[in-house]
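Written out below as structure tokens is the structure these notes cover.
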Amino acid sequence: MSVNVQGRVRSSAAMGLVIRREMALSFRRPDQLLQPLVFFLIVTTLFPLGLSPLMSLLRDMAPGVLWVAALLSSLLALDHLFKSDADDGTLEQMALSGQGLWLIVVGKTFAHWLVSGVALVLVSPLVGAALGMPAHAFGTMMLSLAMGTLTLSWLGAIGAGLTVGLRRGNMLLSLIVLPLAMPLLIFGANATDRAIGGESPAGALYFLAALCVITSTLAPFAATAALRITLE
Amino acid sequence: MGGYARFVWPSFAVALIIFAWNLWSAGNLHAAAKVRVARAVAMALKERT
Amino acid sequence: MWTWFYRLASPPYVYGVAATLTPWLLAGAVVALGYGEGVGLFFAPADYQQGDAFRIIYVHVPAGWISMFCYSTMAIAGAIALIWRIKIGHAVAAAAAPIGASFTLLALVTGSLWGRPMWGTYWVWDPRLTSELILLFLYIGVMSLRSAFEDPARGDRAAALLGLVGGVNIPIIHYSVVWWNSLHQGATVAKFGKPTMALSMLVPLLACFLGFMLFFGAVLCMRLRGEVLNRERQAKWVREAIKT
Amino acid sequence: MSERAPAGLDVDSLHIWRGDRHVLQGVSLSVNPGELLHVWGPNGTGKTTLLRVVCGLLRPEQGTVTWLGHPIDRVRAEYQSAMTFAAHETALKSDLTALENLRYTVGLKRAVSDQKLLDYLAQTGVSGCADLPAKVLSAGQRRRVAMARVLAVNARLWLLDEPYTNLDGNGAKLMANLLENHVKNAGFVVIVAHHELDVAVNIRRLELAS
């Protein structure tokens with residue numbers, strides 16, 4: 001454990017600790033890890049049933065369907081980002097740990113993305129194939145989903161911070177975060193769509209990367225302020 | 001192309017409805033606030049006596 | 001020199017100023033709208049393409065501007081209250097939100113009514129209409145977050161933060177919607193924006209805009225008095241205030 | 001400033017409203033090294049609210065909380081590393097073991113090896129369940145793990161909210177002499193408790209009337 005001059009724990013060590021704690025907690029409850037993935041698969045199976053089994057039609061819809069399902073399932077997973085810690089009082093202990101509250105927010109959100117977002121990206125080729133997506137588009141699709149889910153985790157951290165104290169905060173969390181996530185859907189689905197069509201998805205991917213950078217730099221401050229408002 | 005009746009009058013009608021709602025709900029909010037204050041004042045008075 | 005600004009932070013002063021301002025603003029609104037809508041409806045020349053349906057612009061465009069202006073008022077008031085802890089900011093933000101939402105709804109309805117003669121259908125995923133719709137969702141998000149908290153002070157702060165986050169995202173949302181729209185439909189569809197206008201059409205539109213602004217100011221003052229009372233129930237001055 | 005630099009925690013005329021209820025009406029207190037302050041009063045008089053304000057979780061509308069003469073929100077990092085707050089509920093993750101719970105919370109404040117954490121758990125008599133998940137522990141055991149965390153953080157100022165709940169006979173005795181040792185070597189404690197404290201130290205009392 002590395003300690004700085006005043007004998008207090010260095011923030012990088014503390015960040016590592018928060019991330020390890022979050023990962024340990026997530027893997028201690030594997031069922032909660034699987035739920036967003038199963039939701040992702042179920043939502044994507046709804047579309048062929050609702051539309052048609054014809055692969056040709058599904059292929060046109062594939063990017064939009066996949067991205068909407070990915071957005072909804074990662075939004076579901078975001079609800080209990082702070083809720084379980086706030087309910088049993090550990091969030092207060094960590095807030096009083098002398099480390100900045102931002103460090104706890106960033107650590108928890110990043111660990112949550114590692115657990116939920118990356119898992120979604122790894123499962124997505126399965127869904128892509130099921131929706132008739134050609135294999136050469138998988139690379140772009142996974143890259144765009146990785147950036148998209150990370151950006152959504154940051155936006156969701158703000159929403160979770162704002163609604164952590166509320167009893168029925170889950171619906172309100174989606175109501176708050178989805179309008180902010182619409183640009184993600186536009187650029188992500190379009191990048192995948194272009195990859196399927198064989199054109200270069202660079203334009204949309206650059207926009208998505210720009211969104212990811214903006215949100216990753218600004219959202220931690222907003223999420224910390226949100227948590228401070230509801231923790232008080 | 002577009003006659004008056006079908007689209008212009010409905011638009012102005014909706015505008016009037018929205019204007020009226022704004023005025024009404026502002027008045028309503030103020031009145032409700034006054035009632036709540038009066039009740040709080042009465043409660044405070046009762047506590048003190 | 002700055003005294004009037006500092007006094008704006010004291011609730012009783014704002015309560016009084018709002019009371020005196022309201023009638024003047026309302027009167028100004030009536031005059032400006034009377035002229036603007038009157039001329040716009042009857043005297044201004046009809047559009048050579050769309051005929052008289054074009055006159056819906058005298059309601060739709062000002063409503064769109066006000067819905068945006070109102071959101072920035074809400075976001076800025078919320079930011080001031082959050083950063084400098086001036087409680088009045090929360091009251092202004094809480095007062096502005098429903099007004100903005102109502103004007104966004106007005107812009108949407110009149111936009112769709114205007115779309116009917118132009119495109120033959122009531123709803124088209126046009127970039128400006130879509131942005132307006134998303135703005136309505138943002139308003140609903142802020143208002144429902146504010147009322148979701150039992151403790152009004154905490155609800156105010158949460159809504160102020162969401163207003164700020166939403167405000168930062170509005171340009172991003174708008175330009176991504178425009179980008180998205182230009183991809184799929186290409187530039188063939190008649191651009192929905194204001195066609196270049198003759199002066200005789202523009203002057204009434206500006207009058208309407210002024211009228212809408214004055215009306216917004218008046219209703220904001222009226223709602224502000226209610227919101228200030230709600231937040232200052234413990235203060236002494238409130239007892240005299242409710243007598244008038 | 002007072003003649004000698006204030007050496008402890010000072011709270012000056014706190015006012016808190018919860019909706020229409022005036023929960024704290026001008027509460028003031030001060031605690032210096034080697035003192036134990038017992039905040040006493042019936043339920044609902046704002047004892048827990050006072051503690052949450054003092055530890056910086058809740059910002060008061062009026063009144064100030066100062067640590068060594070400085071308002072706590074200006075010296076947040078120093079204040080938080082010099083104090084520890086044990087809330088009414090024991091704040092343990094039920095999926096993590098007792099040792100893990102300590103490692104992940106104490107580790108944010110102080111670099112403490114697992115072996116030393118085990119010693120602290122032994123000190124409060126729960127070293128046996130170091131590797132048991134917190135959900136299988138009894139309420140008394142969980143309270144003792146929370147006490148071990150207070151010891152492990154090695155803070156000068158203890159802020160304890162009803163620390164005796166769920167403790168049995170010798171649990172209460174253990175708590176009493178932990179407090180005694182802490183106060184004896186220049187530590188200071190603010191305890192919220194609705195019952196008598198039998199700690200062999202001079203106890204100052206602050207009664208919160210409704």
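Naming: A, B, ... by sequence-line order, numbering from 1 per chain.
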*Tell me, side chain or backbone of A:Arg168 under 4.5 Å from chain C's heavy atoms, or both, or neither?*
neither
*What part of A:Leu172 lies closer than 4.5 angstrom to a heavy atom of chain C: side chain, backbone, both or neither?*
side chain
_Contacting moiety of A:Leu211, where chain C heavy atoms sit under 4.5 Å_ = side chain
*So which bits of residues 76-83 of chain C come within less than 4.5 Å of chain A, counting non-hydrogen atoms only?*
C:Leu82
*Which bit of A:Arg194 is near chain C, if near means a heavy-atom gap under 4.5 Å: side chain, backbone, both or neither?*
side chain
*Max heavy-atom pair count under 4.5 Å with chain A, selected residue of C:Leu145, C:Val142, C:Ile173, C:Leu138*: C:Leu145
*Above 12 or not: heavy atoms from other molecules or residues under 6.0 Å from CE of A:Met15?*
yes
*Please state whether the side chain, the backbone, both or neither of C:Val177 comes within less than 4.5 Å of a heavy atom of chain A.*
both
*asked:* If the contact rule is any heavy atom under 4.5 Å from chain C, which residues of residues 75-99 of chain A qualify, in numerical order?
replied: none
_How long is the straight-line distance from CD1 of C:Ile172 back to OG1 of A:Thr215, given to the nearest 0.5 Å?_
6.5 Å
_Pick from A:Leu162, A:Thr230, A:Ile176 with the largest number of heavy-atom pairs that fall under 4.5 Å of chain C_ = A:Leu162
*Heavy-atom pair of closest approach, residues C:Ile134 and A:Pro179*: CG2-CB, 4.2 Å
*Any chance you could measure A:Leu208, atom CG, to C:Ser176, atom OG, to the nearest 0.5 Å?*
11.0 Å
*Tell me the residues of residues 147-163 of chain C whose non-hydrogen atoms fall below 4.5 Å from those of chain A, in number order.*
C:Ala148, C:Phe149, C:Glu150, C:Arg154, C:Arg157, C:Ala158, C:Leu161, C:Leu162
*List in chain and number order the residues that pass ring-ring contact (aromatic ring centres under 6.0 Å, His included) with A:Phe207, two or more places apart in sequence or in another chain; answer none if no residue qualifies.*
A:Phe187, C:Trp179
*Kindly give the heavy-atom pair with the smallest separation between A:Leu175 and C:Gly141, and that separation in Å.*
CD2-CA, 3.5 Å
*Check C:Gly166 against A:Leu180 and note the closest heavy-atom contact, atom names and distance.*
CA-CD2, 4.2 Å
_C:Trp180 vs A:Met182 side-chain heavy atoms within contact, under 4.5 Å_ = no
